[in-house]
Amino acid sequence: MIYFDNAATTFPKPQSVYLASDRWMREQPAAFGRGLHSAAVSAAQMVDICRSSICSLLGLDSPRQLAFTLNGTDSLNLILRGLLCPGDRVVASTLDHNSVLRPLNELSHRHGVSIELAKFDPLTGLIDVDSFRTCLNRGRTQLVVINHASNVTGVIQPVAELAQLARDAGALVLLDAAQTAGHIPMDVMSLGVDLLAAPGHKGLMGPLGTGILWIKQGIEPQVVSLRAGGTGSASESLMQPESMPSKFESGNLNLPGIAGLLAGVQWIQDVTPSEICRQINRHAGKLRTHLGELSNVLLYPQGCLPETTDTVSTVGIVSFSLNGLESHDVAMILEQQAGLICRAGLHCAPLAHEGLGTTQLGGTVRLSPGHFTTEAEVDRAIEVIGDLARS
Ligand SMILES: Cc1ncc(COP(=O)(O)O)c(C=O)c1O
């Protein structure tokens, strides 16, 4: 198998991740925050170290402001549904994933939340700043959602610039870092965002079933907790704690998952995010260059982005269509002929495909190499796609 679907979930994980989750299940009996015995204390220590490690990796302050969730979708839902009130206005974009668009649409239909979607330029994949500004100026906006990097094109957005416009308009800023956390060097505090949602199982290298939610200090009172229950703290009260992170961590935490996530984050710190980013982008760059030379292949976005040695403009995602063929047919042939696993279709981002003009083709074929992808695998992918394009 040649795995090119790291944008869905990274595979393989570093060995230390498998070992940490396995060891946790075999050797650690306690649940987080339940009791003061030594096993519970060691669980609390591991969870605290994981919070601090993630914050230091992503440039987030106050590890206590970071809560563990089920995945990126869970984090986004907790914020969107917990923050937006009937009549509120939110600005997002047509690049957003269904994990943003579906909760927003439900909030719109059931609670009268109004949604404005900024457009993007299909040639560059960048959010159109004029369209974004127009959406902001149409009325008082409570929240802006920024897709850090599209899971269809891989293009990284100018978050600091967009967040500044949002703040000037008095809105809070939520960053969907699903495709960037762990994949590129990040200093989130310098971007000026208020809330961050990300999976633990993609770039952060943790197991499936892990996610993170970070809320800037002082903003948590504005977000209602959608879940309530045991937190192991303030048990005398019948009310859900208001303090972070307990407010969003009702019920037992996924400790084997968090132990694996901690090992993943420590692995990233050892290798360094810039090296991971450099390596994945080298593979993606080679794929783009070679596929772009095939006359039957169209790459998305279709224009070029300026790439310099110290800034990256894309994460390791390469989306293409082949000869007008249906994307699922192409993916099926690639798997049958070369054992190449990739993702075809709309990638849960239907409006991004509308914007790119790829809906009629059933979306695009997406290749997303990872840190453990080898040069030989990239060459094999180029070979088999080239053969298909020429046949
Ligand atoms: C941009 C984006 N946002 C959110 C998500 C949802 O993340 P999860 O699969 O962890 O729920 C994804 C997943 O692919 C994504 O690509």
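In this chain, residues are counted from 1 in sequence order. Quick caveat, the model's predicted, so the values are computed rather than measured. Counting starts at 1 for both ligands and their atoms, in listed order.
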Visitor: Could you check atom 4 (C) of ligand 1 against the protein and tell me its nearest heavy-atom contact, residue, atom and distance included?
Guide: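 That would be S99 OG, 3.1 Å.
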
Visitor: Of all the atoms in ligand 1, which lie at a distance below 4.0 Å from a heavy atom belonging to N151?
Guide: 16 (O)

Visitor: Would you check if the distance from the ring center of W267 to the ring center of F372 is below 6.0 Å?
Guide: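 Distance test on ring centres: under 6.0 Å, yes.
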
Visitor: Identify the residue among N254, N71, L253 that makes a side chain to side chain contact (heavy atoms under 4.5 Å, CB included) with T210.
Guide: N254

Visitor: To which protein heavy atom is atom 2 (C) of ligand 1 closest, and what is the distance rounded to 0.1 Å?
Guide: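 The answer is A178 CB, 3.3 Å.
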
Visitor: Please could you name the atoms of ligand 1 that P199 approaches to less than 4.0 Å, counting only its heavy atoms?
Guide: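 Every atom of ligand 1 under 4.0 Å from some heavy atom of P199: 7 (O), 10 (O).
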
Visitor: For ligand 1, is there an N or O atom under 3.5 Å from any N or O atom of G72?
Guide: yes

Visitor: Thinking salt bridges, do D379 and K286 make one under a 4.0 Å N-O criterion?
Guide: yes

Visitor: Measure the distance from atom 15 (C) of ligand 1 to every protein heavy atom, then report the residue, atom name and distance (to 0.1 Å) of the closest one.
Guide: H97 CD2, 3.4 Å

Visitor: To the nearest 0.5 angstrom, please state how far the NZ atom of K216 sits from the CG atom of L172.
Guide: 8.5 Å

Visitor: May I ask you to list the atoms of ligand 1 that are less than 4.0 angstrom from any heavy atom of Q179?
Guide: 14 (O), 15 (C), 16 (O)

Visitor: Nearest protein heavy-atom contact for atom 1 (C) of ligand 1: which residue, which atom, what distance?
Guide: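 In this structure, atom 1 (C) of ligand 1 has D176 OD2, 3.5 Å as its nearest protein heavy atom.
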
Visitor: Which residue and non-hydrogen atom of the protein lie closest to atom 9 (O) of ligand 1, and at what distance in Å?
Guide: H201 NE2, 3.8 Å

Visitor: How close does the nearest protein non-hydrogen atom get to atom 6 (C) of ligand 1, and which residue and atom is it?
Guide: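 Here the closest protein heavy atom is T73 OG1, 3.4 Å.
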
